[in-house]
Structures are given as C-alpha cells and as structure tokens.
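This report concerns only the one structure given below.
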Amino acid sequence: MDKAYQPAEIERRLYAEWEAAGYFQPGDATDTYCIMIPPPNVTGTLHMGHAFQHTIMDALSRYQRMRGRATLWQPGTDHAGIATQMVVERQLEASGEHRLDLGREKFIARVWDWKHESGGTISKQMRRLGDSVDWTRERFTMDEGLSKAVTQVFVQLYREGLIYRGTRLVNWDPVLHTAVSDLEVVSAEESGHLWRFRYPLTDGSGHLVVATTRPETMLGDTAVAVHPDDERYQKLIGKTVTLPLAEREIPIIADNYVDPEFGTGCVKITPAHDFNDYEVGQRHQLEQINILTIDAALNDDVPAAYRGLDRYDARKRVVADLEAAGLLDGIDEHRLMVPRGDRSGAVVEPFLTDQWFVRVAPLAEPAIRAVENGDIRFVPENWSKTYYEWMRNIQDWCISRQLWWGHRIPAWYDEAGQVYVGADEAEVREANNLDEQLALRQDDDVLDTWFSSALWPFSTLGWPAQTDALKAFYPSSVLVTGFDIIFFWVARMIMMGLKFAGDVPFREVYITGLIRDQDGQKMSKSKGNILDPLDLIDGCDLETLVSKRTSGLMQPKLKPRIEKATRKQFPNGIPEFGTDALRFTFARLASTGRDINFDLPRVEGYRNFCNKLWNAARYVLMNVEATPPDTAIDTTLPGRWIRSRLGKLITDVHTQFAAYRLDLAAKALYEFTWNEYCDWYLELTKPILQNDGDIAQQHASRRTLVVVLEQLLRCLHPIMPFITEEIWQKVAPVAGASGDTIMLQAFPENTAFPADDAAEAEMAWLQGFVLGIRQIRGEMDIAPRRPLPVLLRSVASQDKQRLADHGRYLQSLAGLEKIDILHGDGKPPPSATALLGDMQILVPLEGVIDVAAEISRLRRNHDRLSADLERSRNKLANERFVANAPADVVDKERGRQAGLDKDLRRIDEQLAQLQALQ
RNA sequence: AGGCGCGUAGCUCAGUUGGUUAGAGCGCUACCUUGACAUGGUAGAGGUCGUUGGUUCGACUCCAAUCGCGCCUACCA
C-alpha cells in the first residue's frame, strides 16, 4: 500500500468493477428499498447541490443494501423543456440560424442531437461520485414508455373533467413566447413610479384621478373602480368617464377590491392585463381588451399613434401625451414588485390566451390528507406546513407551453375548431367516428415539464403496465430533494401518485438544505461562485478555475471582480481531495433544517481523515499479514474496550441513519476511527505486539485489530465507498470475511460487540493516568522521549490490581521509566502532580521540572477547582434545590462536591510543599 | 401582510426530552521527523451561547418581547 491514500486511480477502477458486476441492481430480496432520483436536466451538469443530495441518496441506498434489502436507486434525467430549448436556440443563434427557419421537426431533431451529445455528462459525474444507481433501469422523461404514461394521464384527466382548455389570463413571457405557470414567475421589488392621471367625466362635470404604475395599459381600460363605501366618490358610481387618448366611454363601478387609502382611491381597470382587474372585470361583466402582441408591443386595438410600440416606449408616449393634454396630475417615486420569468428574466405580462389547465383542487384534497394522516412524513417535519399552506390555496395549473421541445398535447382540432383528446390521431378518429377525409390538426403546444416529472415515481417503473418493478418498488421509500421544488414537484407527485398509482409515491420526504458558498451566498454562475464537484474530487488549477467561472457570463462586466475573488480564495487552485473526502464532508454537514455554507478547508480535513484510515489499515496489515490471526478470544483490556466501543458506534450509526442525521453518523464514525481506534487502540497494541509478550495475547490482538477494522470499514462504506472497498479487499481475507465486495456485506450489528462496562471503566482509568502524565509533560516542557519515573500515593487495592494488569500500557503510552508506590505516610519528594480518583500521580521534580512552572500550573488548577467547588456548594446550600431536584441529581452533585473538595485539598497540599521549597 | 428559519470559539458548524466543567473541524500558540500516518503526534489558548424579561431549585435548551440576518408565499392599482 502507498504511504498516502491516492484516490484517483482507485475510484475509477472500483466503480467500473462494481458496475460491471451488477452490484447496483436490486437483487431479489422481498424486503425492498427504493429511492427515485430527482431527474436532473438531461443537458445540464451536476452542481454542488446535486452532489450533496446524491451523497445522501447513495449513503442511504448503500446502507439499506448492506442491510439485505433489495435496493433500487432509480436514475434518469428530465427533458427540461424551456431550459433545453433555450440552450439549443442559443446554439442556433451562434451559427446564424433560427428555430422558426428550421421548422418544428428539424428543430426537435437538433435538440435530440444535443441531448445525445451532452447527456453523458451527468452520468459521468454520477459515476465519479460513486452513485450506486441501477444504470440498467435509467430513464428519460421523453422515453417512449414515459411519454405513453404522460398521454394516458392527460387523456384520463381530460375525460374526468380535471383537464380543461380555456381562454384565461396567464403569465406570458414575451421573450420566450410562451405561457408559464405561477411558480415560474419570480417577483422582486424594483423602483418605479406611480402616475396620477385625470379621467374626465363624460357629462363634463369634472374628472377623477386614477393612480397607476402602468400607464400604457390605460389604452385597454374598460372601467374605473372605487370602493363602494368611499364617500368621496359615492355619487360618481354609475356615471362614466371618457378614457383619454382612446376616447372611449367607460363606466365608474364600485368594488371592494379597491383600497380607499391607497393612491387616490380610484383604480383604472384593465381586465386583459392585470390579474386583479381580470377578477373585477368578471364580477362586473366588463369587456376585455387585449392591447398587446406576443412580444409585448401594442397591437392594432389601440389608437394608430401607439400601434407597434414596445410597451415601455408606449408608456413614455402615453405619459407625454396625457401631460400635453393637461391630464397628468403628478408622479411619485414608487417601489413595486416586478414579475419576471425565471428562465428568461423578462418582465412577464398577464396575457389573454387559450391554454390548457389542470383543475387541481380535487387532486389536492387526498394529497393533503396523505400528509395529515402520516402516510407521508416530511423530514424535518416543519416543511409540511409549507406544503399545506400552498396546497390549501392551490390554483389551477396552466400546463400548456408554446414550445416545441416536450410532450406534445394529445389533442386534435377539426376545421371547425372542435377539439378531440385521445392517445393518438387514429384513436381519436375511431373513438369519434371521424371521416378519414376530415382534416385534423394536432395542438401545437407541449406540456409543462413538471407534468411528466409528476409521474416519475411510477412512470419509471413501467406504469401503466403493472410490472414487477412497480409492485416491488412503489411506493418508494424516501424522496430526497430541496425545498425549492416542493411545489413544482413534490406536491404534484403526491397528487398524481395517489390518483394514478393508487398510493403515495414515497413514505418520507427528506428536505435538504441548500449548498451555499463559504459566505452564505447562493451559488450561481452569474455570481461566479460556483464550484464543480468534480474539481474538488480531481483538483483544478487556478487558471482553469478562473476561466470556468468567467466564461459565458450573462454580464461580462462582472468578470474582473469574479476573477479577483477567485484568485484570492484559491491562490493555488483546488487540490485533489478525492470522492470520499467530498462525500464525507457533505455527510458531515448534512444537519437537517438549515442551509449549508460550504467550507472548503473542511474537505481538506476529511481528506486527511481518509489518509488516517488508510494508514491505520497499513498498520493493521503490516501486523497481521505475516501471521494470520487465529480465533482466540481477546481478553486484553484494549481489545475488550475497543470491541465495546465498536458496539456503541454501530448502535449509534443505525440510530442516526434512521433519523436521517448523516451528520451525526459521520461524526460518530470520525470520532471512533480517529480518537478511539487510532489514538488509543492502535497505540495500545504496540506494547502487546512489539515486545516478546504473551503469544496468545498477540494473536488475539491481531484478530481484534483486523476484525474491528473490517467492521469499521463496513460502517464507513455507505459514506465513503471507495476507500473502504479498496482497504476491505485487502483486509477481508485476513479477517475471515468472504465475498467479492464490501458493498454486499452485511451492515454490522451491535449484538456481536456487546457493551463491556468493566473494560470501559478500566480503560477510563488508564486514559486518565496517561493524560495526567502527558499534561505534566506538555505543560512542563519535558521532552516527549524522556522516560519519567513516577511515584504513586494513596493507592487503593483496585489501583494496585490495575497497575499490575496494565502497567506496560502506561509505560508505553506515557513514556514512563518506572512506577513506584509510596507506602504508608512516606514523605514524597517535591513533584508535579496529577490526580486520578483518590490516587495521586507524582512526577519527581529533580532535574526535570521547573518548580515555579509547576506552582503556576497548580495555581491554575486550584483556581478552577475552587470556582467549581464554590458553585457546587452554593447549589447544595440552596434548600430548594435539595428539596425539588430529583434525588439522583442531588446525589450526583453531592458526590461531585466531595470529589472537588478532595482534589482541591490535594492540590493545596502539593502547592504548599512546593512553595516551601522556594 | 402572512409563514418558516437562523444568530453558540477568529471561520464553518454540533449541542437529541432543561441537570456536573458548552463540543468538533479548520485556524492559532508551544513542543516533537518515536518504524501506520507531518494529509502526523502531544499539550495549550480562545465562548457572559444576539439582547432584555419571565417560568424553574436549575435555562444554550422552555415562554414572551426585542434587535439583526435569510428564505418562502401573497400582494395595493
């Protein structure tokens, strides 16, 4: 074995072996476990958030697989309608082409080309991350099977009246030329203005003043509204105003929607271009005048002067014209929420179009109940609130998109505009007895990407066919995902799963935090703070990193700043850490219910951990390879102790996995490995193995060394798959484990390693002894290699026994020359002191210790002890404490006080003796 | 406006039903190349747990208020 762990070659080799051997496939156990991957965009790349979630999913999968369950981690990708179409459109643009020139069919062919070209990136990344997904079952949302499922669901929902088509006001993206759902619109506060305009009353008796943030839409006004109780405008209700510029007569109506306190208390109503106004218009049967084109320019339904103007040019023109006409009452600065498309960034327009909708409320009801009654559990629990909040106020879902890339809506129209919905044209014709001569045209629109994603948990398993996979793995066990797609995806999967697969799609939903950068900033390309998980695994030199972060920026002017920040944060680029170190970092950071600020130095720490494990294994193998261990029972203290500790670790790891606390599982594993196994156990085997001691004990210790390591490797494997497999391959034969891979070994159970309280108590004594000496050594600046003579005082018979049993460990770990017991009231020489229970451990000063230094060390101890003692005394002097606190707490406090008191007296004695020397 | 969350060591974070001296990693200080490991070892410094009040024998932990930060949902033209 190399002296240091070298991950790169090992990882690639092992993953290929695992995959070729079919270890990722579920096997045929009846107890099943299943995780559906949240399908990433097929042409995208995995970012840190993916790597984090994949670490969790893979650790869970490997853990359950080792527990003997038939485990399926279902992989696949999403066609990501808008995102993918945009990428390909941009590629066309670069070569001077345009989607519309190409035509639908050719364009879609180009997208498929791109999918094939770039779709391999994600699977490569997943393989490097060690993801144990069943590649033989990989799916894509536009696969034939999944597309069939989409059609079937659409048709059934339509037949049940849960899908309908209608002319509605929707969010229109004027750049992408498509409708988008509410969820795809992000509103942010921006500065703007609030204009006040005078609208003259038609009867010439004056005017009223309306306030608006969108002057250009006044050309589509069909009413002015006031609050019914607003005394100022009482007598105007029912009258009309003459809409300026358009010169149309429109009514003054009363509606509770108006807030009399805001603006002037008069609202212009534009039903075709504002969601609230639309509602008002419905209530008052107002005309809807659409004044915009699909590009958000003004159309031909406005006066000639404004036709063809972009909405913002029109705004200027309208304001100028009204001002010229003396109708501008004033302008105020105003902060307002501006809705933008999450993909294009364009300001979205409420726009009247024909679209398809899902009537969601009836589907939401059982989906709400499923969470209420515990069929689905959110982890952490409080996310269920977010879920309820949205589900209980759910709006119909606009599912049609005016795109080409996606599942085309299975609806056909005849020339009269009659719509027929069915699986395909032939079926539609047959079902409706349509003449072959009758021309049918399929709906041009495609479905929202999330429509197919909603079916993912059962469509990937073969639904609508009742496949064996569906029976075995539906419902899946847990969904691991981010809070940002609870509405987009989680809620919709639950609704569709209940409706079509007859059960919830998963039992638990583990909502992970977001991976942010070291300063808590969201990672994004535009901020230039993204990290590629593979760069952390393989390393990345500074120049490559800079160019990755600064190329293809939406705002090129940010480039210098990003470059500077990057050079500052990574002066030497990123070193190679390996997959396991990255995964362990993610696991260690995966505390629930909060976002994660990704701290790069931490990865380095866990790379060191890998190296520590690697070298521990080297030590073990060095000691056991030559003489294979026999099966003798280990009666040595260190052996009994480490087995007992291992049992506790195993219990802990099971508990934490069950609670999705991978951070605590990783913490327990780290601490056991480093602080117990390496720091103490390996060190304690040295005096056993290196001296000419008891041969039986040596054999037993070799066995414990290798058995504990082998079990530890299994425990670590779900989080650190590669290093554990590599070491296991070497360790298993000497540990007496059979099998080809650690992946399929049984996860350890604590029953094989019962608690040994006696050993733990003795070991605590031993550790206390060693630490006491080390403390003196460290603080007195005594050379580590210098053997020290030690005197013991107040030695109880138990101490004597322990000394006899474990003296050699003390000598080895504390570097002792000899240990003498001070009998009776023999006067000790001036010494440095450590306390161990009642026993005093004395290191004679002569020639070794600086008296003044020891005095100051003892004083510090004295101060600390007396502060503690005083606190304890006060507590016990408090009658109410003694009366009210549980007896065991009081007893504990009394014992503590007695101990502190005794320790303090010993320290003071020692102090007095030393002070007398000065 | 409503909802959720956060504030603990220089930095990034743990702290499970209230109960000894509040922990870890990184960083920092001193010493140490001892045959598993300098990607290491040993010892050490460093925190009035955002603030105030309350409940309690006892509060990092429970309650209320308050300050600061973040996110989500909805939205007044």
Side-chain angles (χ1 to χ4, degrees), chain A residues 1 3-5 187 194 210-214 217 225 257-259 261-264 266-270 274-277 334 336-337 380 382-383 385-386 389-390 393 483-484 486-487 514 516 518 520 522 575 577 581 585 588-589 591 593-602 604-623 655 659 661 663-664 667 670-671 678-679 682-683 686 690 771 774-785 815 864-865 867-868 871-872 875 878-886 888-890 892-893 895-897 899-900:
Chain A
M1 285 173 84
K3 193 172 171 184
Y5 177 54
S187 292
L194 187 64
V210 299
T212 181
T213 55
R214 305 225 27 209
T217 64
Y257 155 69
V258 180
D259 174 7
E261 304 297 317
F262 187 89
T264 61
C266 297
V267 188
K268 59 188 270 316
I269 300 296
T270 322
D274 181 283
F275 288 102
N276 287 307
D277 292 6
H334 186 67
L336 73 163
M337 296 298 276
N382 54 301
W383 285 109
K385 278 195 177 181
T386 305
E389 182 66 20
W390 189 69
N393 299 295
F483 66 87
D484 49 333
I486 290 179
F487 306 145
L514 213 63
R516 299 172 173 280
Q518 68 286 346
K522 210 164 166 171
F577 292 123
T585 308
R588 193 65 190 81
L589 294 176
S591 50
R594 92 183 258 162
D595 287 351
I596 290 155
N597 294 354
F598 192 82
D599 190 29
L600 193 70
R602 236 171 139 133
E604 189 180 343
Y606 296 126
R607 178 204 56 182
N608 296 352
F609 177 61
C610 291
N611 194 54
K612 188 74 179 176
L613 180 66
W614 182 257
N615 276 288
R618 286 179 65 213
Y619 171 81
V620 172
L621 289 169
M622 187 180 87
N623 279 292
T655 305
R661 291 302 302 265
D663 56 331
L664 298 182
K667 183 186 181 188
Y670 182 97
E671 285 173 353
C678 290
D679 285 352
L682 293 197
E683 293 305 320
K686 289 176 184 174
Q690 287 166 9
L771 290 174
R774 280 182 185 167
Q775 204 163 15
I776 290 170
R777 221 187 251 286
E779 294 191 38
M780 293 297 109
D781 254 350
I782 303 170
R785 294 302 288 160
R864 201 180 33 120
L865 283 169
D868 288 350
R871 213 172 319 160
S872 184
K875 214 172 193 179
N878 182 348
E879 286 171 22
R880 290 184 302 176
F881 171 69
V882 180
N884 291 323
D888 60 320
V889 172
V890 177
K892 219 172 174 186
E893 193 61 36
R896 177 167 177 254
Q897 191 203 19
L900 286 169

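A, B, ... follow the sequence lines: proteins, then strands. Residue 1 opens every chain. All values below were derived from every heavy atom in this structure, side-chain atoms included, with hydrogens, water molecules and symmetry-related copies excluded. What you see is a predicted model, and the numbers here were worked out from it, not measured in a lab.
- Considering only residues two or more places apart in sequence or on other chains, A:Asp259 meets the side-chain contact (heavy atoms from CB on, under 4.5 Å) condition with A:Glu261, A:Phe262.
- Listed pair A:Lys686 / B:U34 fails the phosphate criterion, with no side-chain N or O lying under 4.0 Å from OP1 or OP2.
- A close approach under 4.0 Å does not occur between any side-chain nitrogen or oxygen of A:Arg618 and OP1 or OP2 of B:G35.
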Give every pair of a protein N or O atom and an N or O atom of nucleotides 15-18 of chain B that lie under 3.5 Å apart, one pair per line with the distance.
{"unit_1": "B:G15", "atom_1": "OP1", "unit_2": "A:Arg661", "atom_2": "NH1", "d": "3.2"}
{"unit_1": "B:G15", "atom_1": "OP1", "unit_2": "A:Arg661", "atom_2": "NH2", "d": "3.1"}

Nucleotides 45-49 of chain B: which of its N/O atoms have a protein N/O under 3.5 Å away?
none

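- The P atoms of B:A36 and B:A45 are separated by 30 Å, rounded to the nearest whole Å.
- Partners of A:Tyr606 by ring pair (Phe, Tyr, Trp, His ring centres under 6.0 Å), not counting sequence neighbours, listed by chain and number: A:Phe584, A:Tyr670.
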Quick one: which protein N/O atoms are closer than 3.5 Å to N/O atoms of nucleotides 57-63 of chain B? Pair and distance per line, please.
{"unit_1": "B:C57", "atom_1": "OP1", "unit_2": "A:Asn884", "atom_2": "ND2", "d": "3.2"}
{"unit_1": "B:C57", "atom_1": "O4'", "unit_2": "A:Arg880", "atom_2": "O", "d": "3.3"}
{"unit_1": "B:C57", "atom_1": "O2'", "unit_2": "A:Asn878", "atom_2": "ND2", "d": "2.9"}

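- Separation of the C1' atoms belonging to B:G44 and B:U55 is 40 Å when rounded to the nearest angstrom.
- B:A9 sits 13 Å from B:U48 when the C1' atoms are compared, rounded to a whole Å.
- Phosphate contact (OP1/OP2 of B:A77, side-chain N/O of A:Lys268, threshold under 4.0 Å): absent.
- The salt bridge (charged side-chain N to carboxylate O under 4.0 Å, His left out) test applied to A:Arg896 returns A:Glu893, not counting sequence neighbours.
- Between A:Cys678 and A:Tyr257, the residue anchored nearer the 5' end of RNA chain B, judged by the nucleotide with its closest heavy atom, is A:Cys678.
- Both A:Val620 and A:Asp868 lie near RNA chain B, and the one whose nearest nucleotide falls closer to the 5' end is A:Asp868.
- In this structure, A:Arg602 atom CZ and B:C13 atom P are separated by 9 Å, rounded to whole Å.
- Legend: residues meeting side-chain contact (heavy atoms from CB on, under 4.5 Å) with A:Ala617, ordered by chain and number and at least two apart, are A:Met1, A:Leu709, A:Ile727.
- Qualifying salt bridge (charged side-chain N to carboxylate O under 4.0 Å, His left out) partners for A:Asp595, counting only residues two or more places apart in sequence or in other chains: A:Arg516.
- With sequence neighbours excluded, no residue satisfies salt bridge (charged side-chain N to carboxylate O under 4.0 Å, His left out) with A:Arg588.
- Residue side chain A:Glu779 does not reach the base of B:A30 through any donor-acceptor N/O pair under 3.5 Å, judged by distance alone.
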Practice problem: Both distances under 3.5 Å, Watson-Crick or G-U wobble: on that basis, could you give the dot-bracket string for RNA chain B, with [ ] for crossing pairs and | for other-strand partners? | Solution: (((((((..((((.....[...)))).(((((.......))))).....(((((..]....))))))))))))....
For nucleotides 40-42 of chain B, list the nitrogen or oxygen atoms of the protein found under 3.5 Å from its nitrogen or oxygen atoms, one pair per line.
{"unit_1": "B:G40", "atom_1": "OP1", "unit_2": "A:Asn608", "atom_2": "ND2", "d": "3.0"}
{"unit_1": "B:G40", "atom_1": "O3'", "unit_2": "A:Lys612", "atom_2": "NZ", "d": "3.1"}
{"unit_1": "B:G41", "atom_1": "OP1", "unit_2": "A:Lys612", "atom_2": "NZ", "d": "3.0"}
{"unit_1": "B:G41", "atom_1": "OP1", "unit_2": "A:Trp674", "atom_2": "NE1", "d": "2.6"}

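- The salt bridge (charged side-chain N to carboxylate O under 4.0 Å, His left out) search around A:Asp868 returns A:Arg871, not counting sequence neighbours.
- Spacing between B:G47 and B:C67 at atom P, rounded to whole Å, works out to 29 Å.
- Closest heavy-atom contact between A:Gly520 and A:Asn597: CA-OD1, 3.4 Å.
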